[in-house]
K.L.:
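Sharing a structure below in structure tokens format, with a few things to ask.
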Amino acid sequence: MTHWPYLPFLLVWAVPVVALQWLVGGRYLWRARHIWPWVVLGLTVYFTLADAVAISARIWTFDARSLVGISLGPVPIEETLFYLLTALMVSQGFVLFWGAWEDRAALGQRLRRVRRIRRHSAPESAGPDPRATESAPETTRGADRQPVRSSDG
Amino acid sequence: MTYLEFLALFLAVPLAVLAGLLRRRLLDRRFLAIAGALLLISLLYMVPWDHTAAVWRLWDWSAHQTLGIRWWSVPPEEYAFCLLEALLAVTLLYALFQWRRVRLRASRAGDDPERHVAQ
């Protein structure tokens, strides 16, 4: 059976996902840029070392004809790239979900506040600005305080 | 070394260390929901790819160092590897998010991303 070599097979599988993640949630990834790249880098190094052990122990083997021929010790460069891309997809996925969850929680709180204001202001709609019944600065900051963290330090 | 021993040494041990450090914080509803979703997505996305590579013989696993079972051309240990690798990544990231008190939502005033990571 004719088949693709490892490198293009890997890139076609992973790169569109990484690109899509940036397209959908680039703002979250950018805001957390001080954290996730280090996790990706650390895991890539760690799994490359672990892979060297597995290959040396012959737990898994590769078809040499499918590899580009560059390796780090016993580890083909494609394997290092595999760990880089899988760590990237998972880490970025986590950041996107985490950010979306925060936004969803904040949006829910904002909607609840709007409903509360409407309810309070309905009987006195002809009166002064209904927002005066709410402490505006408090509510603005309150949205940011929502369920961002589950516990302290 | 068998594949299971490899998983225990390189995946289960660091996960156990992280679990020991995080303890009750692992019960956070948001973490559990996101980790569960990502693990499921990882498995669904990786297994067909892995299966195709195995059929093409890009790589193979030692019959003596795996359980000897194949689920769709892929040994069960490989499924476990996929799940544990994703779990290690999300748990590590979650731990860092907790310790550095990361917030990703933009503030209304200024929208300065730098302020969202406690230094």
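These figures come from a predicted structure and were not determined experimentally. First the proteins, then the strands, lettered A, B, ... as listed; each starts at 1.
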K.L.:
Quick check for you: among A:Thr61, A:Leu10, A:Val90, A:Val39, which has the greatest number of heavy-atom pairs under 4.5 Å with chain B?
P.N.:
A:Thr61

K.L.:
Of all of A:Tyr6, A:Trp13, A:Phe97, A:Phe9, which one pairs up most often with chain B through heavy atoms under 4.5 Å apart?
P.N.:
A:Trp13

K.L.:
Is a side-chain N or O of B:Thr91 found less than 3.5 angstrom from the main chain of B:Leu88, in a donor-acceptor match?
P.N.:
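Flag not set: sc B:Thr91 to bb B:Leu88 has no pair under 3.5 Å.
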
K.L.:
Where does the angle between the aromatic ring planes of B:Phe10 and B:Phe6 fall among parallel (under 30°), tilted (30 to 60°) and perpendicular (over 60°)?
P.N.:
tilted

K.L.:
Check whether the ring centres of B:Trp49 and B:Tyr45 lie less than 6.0 Å apart, and answer yes or no.
P.N.:
no

K.L.:
Taking side chain as C-beta onward, heavy atoms only, is A:Asp51 less than 4.5 Å from A:Phe47?
P.N.:
no

K.L.:
If you count heavy-atom pairs under 4.5 Å between each of A:Ala14, A:Ala50, A:Gly99 and chain B, which one has the most?
P.N.:
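Looking at each of A:Ala14, A:Ala50, A:Gly99 in turn, A:Ala50 comes out on top.
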
K.L.:
Looking at B:Phe31 versus B:Phe97, is the centre-to-centre ring distance below 6.0 Å?
P.N.:
no

K.L.:
Side-chain contact test, heavy atoms from C-beta onward, threshold under 4.5 Å: evaluate it for A:Arg113 versus A:Arg110 and give yes or no.
P.N.:
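SC-SC contact between A:Arg113 and A:Arg110 confirmed.
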
K.L.:
Which residues in residues 65-87 of chain B have any heavy atom lying under 4.5 Å from a heavy atom of chain A?
P.N.:
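So far as heavy atoms go, B:Gln65, B:Phe81, B:Glu85, B:Ala86 are the residues that approach chain A to under 4.5 Å.
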
K.L.:
Taking atom types as modelled, find out whether B:Trp56 and A:Asp63 have a side-chain donor-acceptor pair closer than 3.5 angstrom.
P.N.:
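Note: B:Trp56 and A:Asp63 side chains miss the donor-acceptor criterion.
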
K.L.:
Give the member of B:Thr52, B:Ile34, B:Val90 that has the highest number of heavy-atom pairs under 4.5 Å with chain A.
P.N.:
B:Ile34

K.L.:
With only heavy atoms counted, which part of B:Ile41 is less than 4.5 Å from chain A, the side chain, the backbone, both or neither?
P.N.:
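When you check distances to chain A, only side chain atoms of B:Ile41 fall under 4.5 Å.
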
K.L.:
Please answer whether the main-chain N or O of A:Trp30 pairs with a side-chain N or O of A:Arg33 as donor and acceptor at a distance below 3.5 Å.
P.N.:
yes

K.L.:
Would you mind telling me which of A:Trp38, A:Tyr46, A:Tyr28, A:Trp36 has the largest number of heavy-atom pairs within less than 4.5 Å of chain B?
P.N.:
A:Tyr46

K.L.:
Quick one: does any side-chain atom of A:Ser91 pair with a main-chain N or O of A:Leu88 as donor and acceptor, under 3.5 Å?
P.N.:
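No, the answer is negative, given that no donor and acceptor are paired below the 3.5 Å cut-off.
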
K.L.:
May I ask you to decide if B:Glu5's main-chain N or O and B:Thr2's side chain share a donor-acceptor pair within less than 3.5 Å?
P.N.:
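Yes: the side chain of B:Thr2 pairs with the backbone of B:Glu5.
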
K.L.:
Under 4.5 Å heavy-atom distance to chain B, tell me which part of A:Val40 shows up: side chain, backbone, both or neither.
P.N.:
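A:Val40 has no heavy atom closer than 4.5 Å to chain B.
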
K.L.:
Among B:Asp60, B:Leu96, B:Leu11, B:Leu27, single out the residue with the greatest number of heavy-atom pairs under 4.5 Å to chain A.
P.N.:
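Most heavy-atom pairs under 4.5 Å with chain A: B:Asp60.
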
